[in-house]
Amino acid sequence: MKAALLLLAALGAASSALAYTSAELRGDCQAAEALYQEQRSSDPYEAIRSTRCIAYVAGFVDGYAISDYLAEKIGVRLNAFCLPQDDHLSQRLVRAVLNQLERLPADDSSTATIIAGALARSFPCAEALEPRQ
């Protein structure tokens, strides 16, 4: 029993230490934007940073798409944001996140909340949902 509690405590401590902070997200997305603007660096760490931003934002979008799909199966529309069909969507997503980070104070807000706000603000849905009753 004690071993299980210690293992759970260690896992909890490890997961909180691996959190992706807003400062890391900002730096990574700045590296991604430089990559998109062809200001490539010879530093392999910058390539890793830009890839981490792009992959994290793309993963968030995929997670939202799955949630939206499942919600639709029970008759609910999330409608939080609507992404356009665009050849440069990845670049636009990174720019939207950076714009959101520029508006926020330099605190350690949840990166998921930052991305959700960025996408809702930058890519609103044309079709409004019915108001709650």
Side-chain angles (χ1 to χ4, degrees):
M1 178 74 163
K2 274 187 174 181
L5 290 174
L6 288 174
L7 178 62
L8 286 173
L11 288 174
S15 67
S16 65
L18 298 176
Y20 193 33
T21 67
S22 60
E24 291 171 321
L25 178 65
R26 179 187 310 269
D28 292 349
C29 288
Q30 287 170 338
E33 186 171 56
L35 175 75
Y36 284 127
Q37 294 175 357
E38 298 183 13
Q39 299 170 355
R40 296 191 176 145
S41 170
S42 60
D43 182 2
Y45 181 67
E46 289 301 306
I48 292 169
R49 291 187 77 189
S50 64
T51 301
R52 185 165 67 161
C53 166
I54 295 165
Y56 189 79
V57 174
F60 181 92
V61 169
D62 284 347
Y64 175 81
I66 290 167
S67 298
D68 195 35
Y69 172 79
L70 293 174
E72 231 175 82
K73 292 291 182 188
I74 60 169
V76 176
R77 292 201 57 210
L78 298 180
N79 222 24
F81 57 86
C82 295
L83 298 179
Q85 297 295 319
D86 188 343
D87 291 340
H88 303 287
L89 183 59
S90 180
Q91 184 175 1
R92 291 179 64 192
L93 294 172
V94 168
R95 181 72 277 198
V97 170
L98 284 172
N99 285 340
Q100 183 75 0
L101 285 164
E102 289 168 6
R103 284 192 266 293
L104 297 174
D107 66 356
D108 208 18
S109 299
S110 158
T111 53
T113 304
I114 291 167
I115 293 172
L119 300 182
R121 174 174 245 168
S122 298
F123 304 102
C125 295
E127 182 182 324
L129 293 178
E130 294 178 21
R132 292 185 186 188
Q133 297 179 2

Pairs satisfying ring pair (Phe, Tyr, Trp, His ring centres under 6.0 Å), at least one member in residues 87-122, at least two apart: none
Derivation of the side chain to side chain contact (heavy atoms under 4.5 Å, CB included) call for Thr111 and Thr21: CA-CA 6 Å; Thr111 53; Thr21 67; 5.8 Å; no
As an exercise, state the distance from [atom1] of [X] to [atom2] of [Y], rounded to the nearest 0.5 Å.
X	Y	atom1	atom2	answer
Arg121	Gln100	CZ	CD	6.0 Å
Ile114	Arg103	CD1	CZ	12.0 Å
Arg52	Glu24	CZ	CD	5.0 Å
Leu89	Phe123	CG	CZ	6.0 Å

Heavy-atom pair of closest approach, residues Val94 and Ala32: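 So the minimum-distance heavy-atom pair works out to CG1-CB, 4.1 Å.
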Heavy-atom pair of closest approach, residues Ala80 and Tyr64: N-OH, 2.9 Å
[X] (side chain) donor-acceptor with [Y] (main chain) under 3.5 angstrom:
X	Y	result
Glu46	Asp43	no
Tyr36	Arg92	no
Ser122	Leu119	no

Test item: Glu33 and Gln91 side chains (from C-beta on) under 4.5 Å apart, heavy atoms: no
Cluster companions of Ile66 among Ile, Leu, Val, Met, Phe, Trp, Tyr (side-chain spacing under 4.5 Å):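 Tyr69, Leu70, which link up through side-chain heavy atoms under 4.5 Å apart, make up the rest of the cluster.
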Given Leu93, Leu101, Leu25, the one that forms side-chain contact (heavy atoms from CB on, under 4.5 Å) with Ile115: Leu25
Tyr20 and Tyr56 aromatic ring geometry - parallel, tilted or perpendicular at 30°/60° bounds: perpendicular
Within residues 39-79 or reaching into it, pairs that qualify as disulfide bond (SG atoms under 2.5 Å apart) - sequence neighbours excluded: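 Listed by first then second residue: Cys29-Cys53.
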Full working for side chain to side chain contact (heavy atoms under 4.5 Å, CB included) between Asp28 and Ser50: CA-CA 5 Å; Asp28 292 349; Ser50 64; over 6 Å; no
